[in-house]
Chemist: 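I have a structure here, written as structure tokens, and I will follow up with some questions on it.
Proteins get letters first, then strands, A, B, ... in listed order; numbering begins at 1 in each.
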There are 2 protein chains.
Amino acid sequence: MPVTLSDVANRAKVSPATVSRVLNGNYPVAAATRERVLRAVDELDYVLNGPASALAAATSDLVGILVNDIADPFFGIMASAAQSEMGGGEAAGPGRAGGEKLAVVCNTGGSPTRELTYLTLLQRQRAAAVLLTGDAVEDPAHSAAVAAKLARLAEAGTRVVLCGRPPLAAHPDAVVAALPFDNRGGARALTEHLLELGHRRIGHVAGPAERTTTRHRLEGLRAALAAAGAGDDRTHRRLTVHGPYDRRSGYDGARELLRRDPELTAIVAANDTVALGVCAALREAGLRVPEDVSVAGFDDLPFSADAVPALTTVRLPLHEAGARAGRLALGTEEPPAGRVAAVSARLVVRASTGAPPAR
Amino acid sequence: MPVTLSDVANRAKVSPATVSRVLNGNYPVAAATRERVLRAVDELDYVLNGPASALAAATSDLVGILVNDIADPFFGIMASAAQSEMGGGEAAGPGRAGGEKLAVVCNTGGSPTRELTYLTLLQRQRAAAVLLTGDAVEDPAHSAAVAAKLARLAEAGTRVVLCGRPPLAAHPDAVVAALPFDNRGGARALTEHLLELGHRRIGHVAGPAERTTTRHRLEGLRAALAAAGAGDDRTHRRLTVHGPYDRRSGYDGARELLRRDPELTAIVAANDTVALGVCAALREAGLRVPEDVSVAGFDDLPFSADAVPALTTVRLPLHEAGARAGRLALGTEEPPAGRVAAVSARLVVRASTGAPPAR
DNA sequence: AGCGCCGTAGAAAGCGCTTTCTGCCGACGC
DNA sequence: GCGTCGGCAGAAAGCGCTTTCTACGGCGCT
């Protein structure tokens, strides 16, 4: 019932081989013949059978993008940037010419199991490339499993790229490139800003425990604190709470921190969304931002500039990183030397931070 | 090099057919044999070749979810709800048992061309189902092209479902089900709320022109206005500006509306994100919300409750709708009678609307 | 004039799986 | 005790494409 390659061949009075060559454009075909074939394709409204050609050619045009939370713009921005690098832009011809890829995003929900599941599914589809974004869970067993999976994928010819995620410990060369974010540096700069302003009692609503991103941001923060001789480790731990990357976590976290230390003058949030929750809790407690308590976010998502007050945060060039990762996955861009290129984080000072209240 | 079905068969001392049957679980296999096969699969770390099985079986386990903007939570929420209905939850076995699907989201960026491109790509992959979310562009040529494409997909066995999008005019039965949002009703209720509060000069920062959602929301608004005898058509048009669904559009739109009519007492935004931009512009102009000007959004995205002031808006059950659409796509849920089930919209009154200032 | 070569098209062998059709074997019925 | 049936496994024919290898003209060259 569906139109096949040979139907087209018959109509164009050529062999199936020729049609295939026209569609793939990787073999000389006389202009007149090509013309005829294209016309037949058009007339029959033919669409290549993806599975069949993937099987025969042993590669497919599927590219998988794994994200932790598809409803979070942090990932949305990276994914859409990556996706926009991968064709799909112009009209798809009937064939696979032009190297258009089907870039698809897979939502792991932050669950290691689902991450592995998707990787298997992608492996099953013989994906051309896989792009992992965001956080990695710091469970040795899981990291090993992921690394092993990626190694197998790489073996089968899939290009693996890591974006906003540290390089693999286990099989570093299974990966084409890794673009980790400089979370440590960003957190450090942010904390220094707060210290300069005069803050000494700084609370932290951190991200989920056991995640590299969370750990790195914490390390940056503590490094700055330590360098300034502000507080000891026990204090830091007391002034840190963990939670997911949502508004609720910020709200609850801020209340908890306030309970633990009502004298707090600043709160650093795991990201901008969490920061909004923190602001809400503060406001509810009758505290003004930044006059009574300063608040800082992380990521610099678009809404942060519009918040009231506008959020001081650390800008991560999500779009650029995503786009670059996309090109790397496609092989359009040369991998960086050493396969790793850190993505820098820049402090953005806005209205939500200020000097601590005079006592 | 890669492990194939027959490798597994050899190791398990059975025929390839048997291995296939174990993996697909749709044919009786003696427990002992099954056991043996499963062990072999495990030992060889075998992963089914998706393209090959898709080719042989003439179906694949790919499900496409088309969204306009992956970085917008509006779509993120629907997509993630739909995706979570489609397996990927538990560990993926080596086979396709359990009907796990690879649910992938495709970002059209609101471009009709890319929409068609993705549809072709999905058709090429012989997708099991396709889920179109959000707005449809109101260009007859494009609608016809999409409808035709969907009809061909349906013909090939792909289940097509529409979520937050009106049923097809051209080939209504190409679609398994359509779950359009009640944008008219929502807009109407919202406008009535404003009218009851006493507002008469209501500005509108609408969504992109030539989109069904935009049109429906406008129609609801004008219906309410007309019913209350508030303003004529020319006035409405003068107090309406169009723009994309982003913060910027709200900001620019509000400034423009203020210029056109400084006596405005309320502004209805295309959605919550736009509403935030409106608030920013108002604030900048020295106007308080809602004391001087009331502002209302649409969709009730999570951040709306946290905005300052908390946004009055229209709640769309995005999660529920997405989940239902997912089940419909999978065939887990019976399609509604007539294949169409409107999704209701509910007014949520919060702090951003109030009585107009006494003159 | 003959040779070889370039440019182009066709034949055909798979790619790795699913599935019908066939066949074996033990159990059960009469 | 033999025929028959049912439960399970194997053989083999594709699924629709890609790609090597082969074939065929016509051209330029010697």
Chemist: What nucleotide among D:dC15, D:dT18, C:dA11 has an atom nearest to a side-chain atom of A:Ala56?
Modeler: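 Nearest to the side chain of A:Ala56 among the choices is D:dT18.
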
Chemist: At under 4.0 Å, does any side-chain N or O of B:Ser53 touch on OP1 or OP2 of C:dG16?
Modeler: no

Chemist: Nearest whole Å is fine: how far is D:dG10 C1' from B:Asn10 CG?
Modeler: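 Rounded to whole Å, this separation is 13 Å.
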
Chemist: Expressed in angstrom and rounded to an integer, what is the separation of A:Asp61 atom CG from D:dC17 atom P?
Modeler: 14 Å

Chemist: Can you measure A:Arg36 atom CZ to C:dT8 atom C1' for me and round it to whole angstrom units?
Modeler: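 It is 12 Å, rounded to the nearest whole Å.
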
Chemist: Whole angstroms only, please: what is the CG-C1' distance between B:Asn24 and C:dT19?
Modeler: 10 Å

Chemist: Using a heavy-atom cut-off of under 4.0 Å over every strand shown, decide if B:Thr4 touches base, sugar-phosphate, or nothing.
Modeler: sugar-phosphate

Chemist: On DNA chain D, check which nucleotide each of B:Thr18 and A:Ala17 is closest to and give me the residue with the more 5' one.
Modeler: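 Closest to the 5' end, via its nearest nucleotide, is B:Thr18.
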
Chemist: Please figure out whether B:Asn49 or B:Tyr27 has its closest DNA chain C nucleotide nearer the 5' end.
Modeler: B:Asn49

Chemist: From the list C:dT18, C:dC17, D:dC15, which nucleotide is the closest neighbour of the side chain of B:Ala57?
Modeler: C:dT18

Chemist: If you check every side-chain atom of B:Pro28, which of D:dG10, D:dC8, D:dC15 has the closest atom?
Modeler: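 It is D:dC8.
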
Chemist: Nearest to the side chain of B:Ala30 - D:dA9, C:dT8, C:dC15?
Modeler: D:dA9

Chemist: Return yes if the base of C:dG16 and the side-chain atoms of A:Arg126 contain a donor-acceptor N/O pair under 3.5 Å, otherwise no.
Modeler: no

Chemist: Look up atom CG in B:Leu179 and atom CZ in B:Arg339, then write down how far apart they are to the nearest 0.5 Å.
Modeler: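 If I round to the nearest 0.5 Å, the distance is 13.0 Å.
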
Chemist: Starting from the 5' end of DNA chain D, give me the residue, B:Val29 or A:Pro2, whose nearest nucleotide shows up first.
Modeler: B:Val29

Chemist: Take the protein atom CG of B:Leu55 and the nucleotide atom C1' of D:dC17, then report the distance between them rounded to whole Å.
Modeler: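 Atom-to-atom, B:Leu55 to D:dC17, this comes out as 8 Å.
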
Chemist: Between P on D:dG16 and CG on A:Leu44, what's the gap in Å once rounded to a whole number?
Modeler: 15 Å

Chemist: Check every atom of D:dT18, D:dA11, C:dC17 against the side chain of B:Arg21 and return the nucleotide holding the closest atom.
Modeler: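 From the listed options, D:dA11 comes nearest.
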
Chemist: Quick one: is C:dG10 close enough that its OP1 or OP2 comes under 4.0 Å of any side-chain N or O from A:Ser15?
Modeler: yes

Chemist: To the nearest 0.5 Å, how far apart are CZ in B:Phe75 and OG in B:Ser80?
Modeler: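 Rounded to the nearest 0.5 Å, the CZ-OG separation comes to 14.0 Å.
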
Chemist: Could you tell me the separation between the CG atom of A:Leu5 and the P atom of C:dG14, rounded to a whole number of Å?
Modeler: 20 Å

Chemist: Can you tell whether the side chains of B:Asp45 and A:Arg152 come within less than 4.0 Å, N to carboxylate O?
Modeler: yes

Chemist: To the side chain of A:Leu48, which of D:dT18, D:dA9, C:dG10 is closest?
Modeler: D:dT18

Chemist: Quick one: does A:Arg114's side chain have a donor or acceptor within less than 3.5 Å of a partner on A:Asn107's backbone?
Modeler: yes

Chemist: Decide whether B:Thr18 and B:Ser15 meet the rule of one side-chain donor and one side-chain acceptor closer than 3.5 Å.
Modeler: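 Short answer, yes.
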
Chemist: Is the shortest side-chain N/O distance from A:Thr33 to OP1 or OP2 of C:dA9 below 4.0 Å?
Modeler: yes

Chemist: To the nearest 0.5 Å, what is the distance between CZ on A:Arg124 and CG on B:Asn49?
Modeler: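 Rounded to the nearest 0.5 Å, the CZ-CG separation comes to 10.5 Å.
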
Chemist: What is the distance, rounded to the nearest whole Å, between atom CD of A:Glu35 and atom C1' of C:dT8?
Modeler: 17 Å

